[in-house]
Structures are given as C-alpha cells and as structure tokens.
Number of protein chains: 2
Amino acid sequence: MKRTTIKDIARQLGVAPSTVSRALKDHPDIGLALRTEIKKLAEELHYRPNQLAVHLRQRSSKLIGLIVPEITMFFYPSVIKGIQEIIQEHGYNLIMLSSHESPEKEMENIRICADNEVAGILISLSRQSEMYENLEYLRELGIPLVLFDKVSIDLPFDSIMLEDEEAARQATTFLIESGCRNPGAIFGNPNMLITQERVRGMRKAMEENELPFKKEYMYFADNVVEAEACAKLLMAQNPPPDGVFAMTDEVLMGSLSVIAGSNTNIPANCSVICISDGVLPYCMTPTVSFLHHNGLELGQLAANRMFELLESGEFINDEYSGVKKTVQAKLIQLSSTRQLVF
Amino acid sequence: MKRTTIKDIARQLGVAPSTVSRALKDHPDIGLALRTEIKKLAEELHYRPNQLAVHLRQRSSKLIGLIVPEITMFFYPSVIKGIQEIIQEHGYNLIMLSSHESPEKEMENIRICADNEVAGILISLSRQSEMYENLEYLRELGIPLVLFDKVSIDLPFDSIMLEDEEAARQATTFLIESGCRNPGAIFGNPNMLITQERVRGMRKAMEENELPFKKEYMYFADNVVEAEACAKLLMAQNPPPDGVFAMTDEVLMGSLSVIAGSNTNIPANCSVICISDGVLPYCMTPTVSFLHHNGLELGQLAANRMFELLESGEFINDEYSGVKKTVQAKLIQLSSTRQLVF
DNA sequence: GGGTATTGCGCAAACGTTTGTTGTTAATAA
DNA sequence: TTATTAACAACAAACGTTTGCGCAATACCC
C-alpha cells in the first residue's frame with residue numbers, strides 16, 4: 001500500500017498540493033475552514049511527510065552522522081546513549097558508521113554522511129592520522145563537525161574530550177598518596193593522543209612528588225589480550241611495582257586478574273587504579289577505585305555543542321576554528337559497599 | 001561551497017543531465033568517447049550522487065533502521081557490530097533509534113524509519129506489548145522487518161532469536177552435572193518472553209533430572225541493582241542454594257560478588273553459571289562458566305536475513321508469515337587459563 | 001536508393017515536498 | 001462608483017536524480 005502523500009490529499013479535496021502543505025503548517029494564507037478540513041483528512045489518511053522529499057527540498061536532513069572507530073562494549077555505548085538522548089529531543093536521528101580503525105573507511109564514512117546530507121557529524125577519530133584535509137571537506141560543504149573523545153587537539157574544529165592528562169595525573173597521585181613509590185602503568189595504543197596525554201599526566205604526578213618516572217614500568221597494550229601480556233611482564237619486574245595504573249577499562253580487564261594473581265595482595269601490596277566509564281571497576285574482583293570519565297556526559301556535551309553550531313551557524317565562517325571543551329574525570333574511591341553508577 | 005551535481009557536469013559539457021546520469025552508470029546508450037569524458041569531469045569535480053535525490057526517485061533508501069529498547073554495554077554492542085558488518089558489505093547504512101522501553105516511542109521510531117523510507121527494519125522489541133498492529137503497518141508499506149533477540153514468537157514476521165529455553169536447560173544441566181541438587185536462579189524481567197523461555201528451560205532440566213523446581217529459589221531482577229538484592233535474598237535461603245544460574249550478564253554482574261561473598265566457596269560449595277555474551281564472565285572473579293550466546297552472530301544473521309528478504313521480496317505477500325531462526329548457545333567451560341573470545 | 005535497424009543523445013516527466021509569485025474574489029475605503 | 005487592500009488559493013519552479021520515449025543521424029541490407 002502506498003503511503004498517502006500531499007498530492008493524494010490535494011486530489012481528494014480538489015485543492016492544490018501547495019495549499020495542503022501550507023494548511024498542515026498552519027500557514028495563515030489558508031482559510032480556517034479549509035485548513036481544518038485538510039488537517040482532518042490528513043489525520044484520517046495517516047499522512048506523514050516523506051522526509052526524503054522534505055530534506056531534498058530543504059537541502060538538509062534531520063540526521064546527525066555518528067562516526068566511531070569501532071563499537072565496543074567499552075565507553076561507546078554510554079557515549080552513544082548520551083548523544084541519542086539529546087538529538088532525539090531535537091527531533092533528529094542518528095546514522096551510525098564505524099571505521100574499523102581505518103582512515104580510508106573513515107573518509108568514506110564522512111563522504112557517506114555528506115551524501116545523505118546530514119545536518120552535522122559527530123566523530124571519534126580512529127587514529128592520529130592526518131585527517132585535516134578530509135575534515136576540511138566538510139567545512140567546504142558547510143557541514144558542522146564535532147570531534148569527541150579521540151580528537152586531534154590541533155584541528156580547527158569543535159571538540160569535546162576528556163581531561164586525559166589531568167585524569168592520569170589524579171590517578172597517579174591517588175596511587176602515590178596511598179603509599180606507592182614505584183607504580184607501574186599499562187597504557188593503550190601509543191600513537192593515540194589520548195595515550196600520550198595520559199602518559200604525560202602520570203609523568204607530571206611523578207615529578208610533582210619527586211619520584212622517578214621509569215620507562216621499564218610503562219607498557220602499551222592495544223587490546224585486552226595485549227594488556228594481559230603486558231601485565232605479566234610488568235609484574236615480573238624486579239622489584240615488582242607497588243601500584244598499577246590501568247589507562248582504560250580494556251586495559252583493566254586484561255590485567256587485573258594477572259595483577260591480583262601474581263602473589264600480590266590488592267591493595268595491601270599493590271594498589272590499582274584506572275580510568276573508567278564506571279561499570280567494570282565494580283564488577284571485577286577486587287573492585288578498583290577509578291577516575292570516572294563520564295561517557296554519557298561526553299555524548300550529551302558533544303550533541304549539545306552540535307546543536308549550538310547548527311543554530312548559530314558559526315561554523316560557516318572560513319576562519320572558524322572551533323571551541324574545545326573538556327569533561328572532568330571524578331575520582332571514585334571504592335569501599336567494600338558496591339554503589340553502581342549507571 | 002555547493003556540491004557538484006549532475007546538472008553542473010551536464011552544463012559544463014553542454015549535454016543533458018540524463019546523458020550524464022547514464023554515462024556515469026556505463027549505460028551503452030552513451031558513446032564511449034562522451035562517456036569517458038563525462039566520467040573524467042565527474043572525477044575532477046569530485047561528484048557524488050545526492051543520496052536523498054536518488055532515494056526519492058527510487059522510492060527506497062539504502063538505510064536500514066535499527067530499533068532497540070536501550071543501548072547498554074550488554075549484548076547490544078556486539079549485535080550492532082554484527083549488523084554493521086553485514087550491511088556495510090551491502091552498501092547500506094544504519095539509522096539507529098532507541099525506544100527507552102516505551103511502546104509509544106517504539107511505534108514512533110517505526111514511523112520515523114518509514115518516513116525516511118528505510119529499506120528495512122531490524123527491531124528488538126522493548127516488551128511483550130501487543131505490537132502486532134504496529135508492525136502490520138510496515139507490512140502495508142512493504143517494508144521488510146526482522147525481529148531479533150527480544151521477539152514475540154507468535155508474530156508473523158521473520159525473527160532471529162537465541163535458543164533461550166535450550167540454553168537455560170543446558171546451563172541448569174551443567175549445574176546438576178557438576179553436583180548441584182538445589183540450584184537457585186536469578187532471572188530477568190518476568191514479562192519478557194526471553195525470561196519465560198529461560199525459566200522453562202531450567203524447569204525442564206530439573207524435571208529431566210527428577211529434581212524439584214522450587215519457586216523460593218527463583219528470583220526475578222530487572223537490572224543490576226535488583227539482581228544484587230535478589231542474590232542476597234537467594235543466598236539467605238535455608239538451606240542456601242548449591243548452585244546459581246544467572247540468566248544474563250546483567251544479572252551475573254549484580255549477583256556474583258554477593259554469591260562469592262556469602263561465605264560460599266565457588267565452585268566448591270556453590271557453582272555458578274550464566275548465559276552471556278562472552279566478555280563479562282572472563283573479567284569477573286571467580287571466572288564463571290557460561291553459555292555463550294553470540295551477539296555478533298545474531299546480528300549477522302538478522303542482517304543477512306534482511307537482505308534475503310530484500311532480494312526475494314517474499315515479505316510483500318500478505319500471507320507471508322516469516323521464518324524463525326535460532327542461534328545456539330555454546331557452553332564455555334572456564335578453566336583457570338583465561339581464553340578471551342572476542 | 002528506398003527501407004530498416006542501430007546508435008547516440010535530448011526531452012520531459014516523475015519522486016514528494018516547499019515556497020515565491022500570481023490571480024481571483026470579496027470586502028473596505030475614498 | 002472606482003480604487004485599494006486584504007484574504008485565500010492556485011500555479012509553477014525547484015531540490016537532484018532516474019528513466020521511458022522520441023528523434024536524428026548514421027549504418028546496414030537487398
């Protein structure tokens with residue numbers, strides 16, 4: 001069965017399609033009597049505007065493109081939830097693409113979004129590749145862009161990121177304050193800005209406390225499995241670390257059982273802390289304190305910034321170089337009572 | 001800067017738009033010389049077809065609607081990943097909507113998909129509500145539908161689901177075979193079909209082994225926090241259960257620490273098993289064996305079924321009542337060595 | 001050389017909207 | 001009465017494609 005269109009309504013009532021269109025929008029040009037009659041019929045026929053046509057005509061859709069490197073159970077679900085929340089409020093919808101950590105796929109995804117005339121794009125970059133010209137393409141098309149999470153700090157676009165350096169500094173400080181003098185760390189992919197920031201944060205905390213930052217106690221793992229391997233190497237150091245900073249949930253997941261297993265008593269002999277979205281630390285044993293970086297909030301902020309851009313139109317300007325916002329991480333110190341932070 | 005359109009190319013070359021359109025599609029009607037010239041210019045100008053226009057003209061988009069109750073870190077990420085994989089292969093994209101467990105929102109989401117002329121819809125129903133007429137709406141519009149995970153068995157549509165009853169039966173059997181005579185269980189929302197199936201599966205296993213199915217040892221929890229509370233009640237039973245079946249990852253997460261904490265030795269005094277997507281059981285301590293229900297596979301199956309439908313067009317038929325497929329769960333018995341199943 | 005294919009391309013309509021302009025009628029003002 | 005203005009609605013173009021049809025011009029056949 002065909003959807004009923006404006007033309008159908010117009011034909012049945014013997015009026016012009018333009019009249020129907022205006023009537024449905026309460027345009028004062030259409031007399032009240034006719035207007036209500038049209039609305040009534042539209043209702044009866046379950047008329048719904050064809051968005052494709054609307055958007056084609058208006059040269060922009062109510063779609064927001066979301067491009068992520070990969071959909072994992074870590075972090076992204078809550079970010080996406082935050083984004084969804086906001087854009088649904090605005091009557092927009094999400095078209096979601098994943099790049100599989102490939103810059104080519106990422107560029108293609110950007111193009112796909114553009115081809116569908118999305119109103120804006122939210123993107124979490126896959127790696128520290130030179131995306132600048134790709135993103136510049138969007139500026140030329142007048143499509144606003146908000147980077148989130150995995151961003152490149154020097155790109156002249158809006159971006160919402162975590163205070164990575166500061167979170168890592170706080171995490172390390174927490175270890176030091178709980179007595180560690182020789183903490184180790186397992187970071188993520190060393191090419192990612194987020195990793196570099198967190199390394200810097202740890203180094204900073206060490207320096208502030210006049211402790212040496214030893215490279216032998218720093219490992220870099222690209223995934224859960226590597227994290228497990230790194231943890232083994234780390235714990236085998238002599239002397240073993242008296243604390244471990246796990247950079248992400250993934251790292252924590254791979255490493256905690258190794259740390260706990262290597263005749264170490266947590267937190268008596270070895271404190272553990274991580275930066276987390278706030279779920280995993282509760283369900284692992286032992287529970288670990290963490291710096292909660294709120295994915296939901298980050299998603300909301302990114303989406304809200306998107307709508308600010310859409311309303312103000314500031315991004316149209318060639319000179320516009322974006323606004324950077326950061327989300328603070330909050331230290332959550334786990335006692336024995338479980339308090340879930342969903 | 002405006003996107004270059006077919007018209008732009010046509011104008012620059014002094015030919016008709018239709019000629020350009022055909023040339024770009026290698027239509028034999030257009031002479032080889034002109035054809036290559038057009039292609040060359042299109043390339044230079046970075047021409048990309050406006051999908052909105054293409055779809056409007058062709059009365060169907062290359063979008064697949066995905067409607068889920070809520071985006072959580074449990075299960076859905078892997079399902080979505082599986083879906084993405086398949087539809088990207090087919091050159092389709094995903095428009096994702098969440099219903100917040102509200103039937104009204106769900107209906108609205110279906111409408112939104114229809115308004116955007118999606119090629120098909122993949123949906124995981126929010127609750128056991130009478131969605132039949134809502135879904136019937138899609139049939140009328142000729143939009144194929146594939147239900148997944150949370151399905152209503154009696155709906156005349158394609159659906160991909162887990163073998164819930166069988167998985168629960170196997171899980172329970174595993175408990176019994178490892179010595180349990182008085183297992184308890186924590187299930188999910190009792191209104192969901194998936195819960196009912198799993199209850200049935202457990203009951204079946206108990207009957208097969210001539211053990212009593214005691215209601216006092218069965219609890220129903222809607223979320224992680226409730227699961228924790230249920231676990232406390234369960235463990236307080238006299239005598240305490242000698243095994244626990246956790247119906248989902250969420251339940252496991254809420255309950256394991258309680259079970260482990262209540263002066264019980266896992267698995268010596270109390271075995272634990274759950275049905276899981278295959279991540280959480282590894283990262284919890286103690287690690288628990290589980291029936292792996294593969295979200296990735298389920299997503300892939302659902303998406304593949306969608307394309308079968310799109311190609312065959314069988315769903316057009318008013319009488320078409322859908323095909324039910326199930327995904328088997330596999331028992332993963334965790335030894336002390338961690339083997340991650342990503 | 002008359003007829004018939006064949007090749008190569010343009011015309012125009014269509015998808016379902018929106019919106020600027022024009023036109024008709026009736027009401028008001030001069 | 002005539003001019004002015006409002007009120008209402010139709011017309012038509014446009015968004016960027018695709019596609020059935022028609023029409024030349026060239027090629028082929030006997």
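Sequence lines set the chain letters: A, B, ... in the order given, protein chains first and strands last, and positions in each chain run from 1.
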**Prompt:** Could you give the CG-to-P distance, from L56(B) to dT17(C), as a whole number of Å?
**Reply:** 9 Å
**Request:** For dA10(D), take OP1 and OP2 only and decide whether either is under 4.0 Å from a side-chain N or O of T19(A).
**Result:** yes
**Asked** Counting side-chain heavy atoms from CB outward, which of dT17(C), dA10(D), dT19(D) is closest to T5(A)?
**Response** dT17(C)
**Asked** Over how many whole Å does the gap from L24(B) atom CG to dG16(D) atom C1' extend?
**Response** 13 Å
**Request:** Hey, which sits more toward the 5' end of DNA chain C by its nearest nucleotide, E117(B) or L32(B)?
**Result:** L32(B)
**Message:** Need one value for I6(A): base, sugar-phosphate or nothing, where a base atom within 4.0 Å counts as base even if backbone is also close, heavy atoms only.
**Reply:** sugar-phosphate
**Prompt:** How are the rings of F307(B) and H90(B) set relative to one another: parallel (under 30°), tilted (30 to 60°) or perpendicular (over 60°)?
**Reply:** parallel
**Request:** Can you tell me the distance, in whole Å, between the CD1 atom of I30(A) and the P atom of dG23(C)?
**Result:** 18 Å
**Item:** R3(A), K62(A), Q51(A) screened by side chain to side chain donor-acceptor pair (under 3.5 Å) with D115(B), the one that passes
**Value:** R3(A)
**Message:** Atom NZ of residue position K40(B) - does it have more than 12 heavy atoms of other residues, nucleotides or ligands inside 6.0 Å?
**Reply:** no
**Message:** Taking the minimum atom-to-atom distance to the side chain of V15(B), which one of dG16(C), dT17(D), dG10(C) wins?
**Reply:** dG10(C)
**Request:** Give one of base, sugar-phosphate or nothing for L34(A), where a contact means two heavy atoms less than 4.0 Å apart.
**Result:** sugar-phosphate
**Message:** I need the CD1-P distance between I38(B) and dG8(C), as an integer number of Å.
**Reply:** 13 Å
**Atom-to-atom span, CG of D29(A) to C1' of dA10(D) - whole angstrom** = 12 Å
**Asked** Can you tell me if S61(A) uses its side chain to pair, donor with acceptor, with the backbone of E117(A) under 3.5 Å?
**Response** yes
**Request:** Could you state the atom-to-atom distance from NE2 of H27(A) to C1' of dT21(C) in whole Å?
**Result:** 12 Å
**Request:** Decide yes or no on side chain to side chain contact (heavy atoms under 4.5 Å, CB included) for H55(A) and L56(B), but give the supporting numbers first.
**Result:** CA-CA 10 Å; H55(A) 295 151; L56(B) 174 61; over 6 Å; no
**Request:** Please check the phosphate of dC15(D) (OP1 and OP2 only) for any side-chain N or O of K7(B) closer than 4.0 Å.
**Result:** yes
**Asked** Quick one: L52(A) CG to dG16(D) P, roughly how many Å, whole number?
**Response** 14 Å
**Item:** Closest-nucleotide ordering on DNA chain D, the 5'-leading residue of R22(A) and K25(B)
**Value:** R22(A)
**Atom pair distance, as rounded to whole Å: NE2 in H55(B) and P in dT17(D)** = 12 Å
**Request:** Name the nucleic acid region contacted by R35(B), choosing base, sugar-phosphate or nothing; use a 4.0 angstrom heavy-atom cut-off, strictly under.
**Result:** nothing
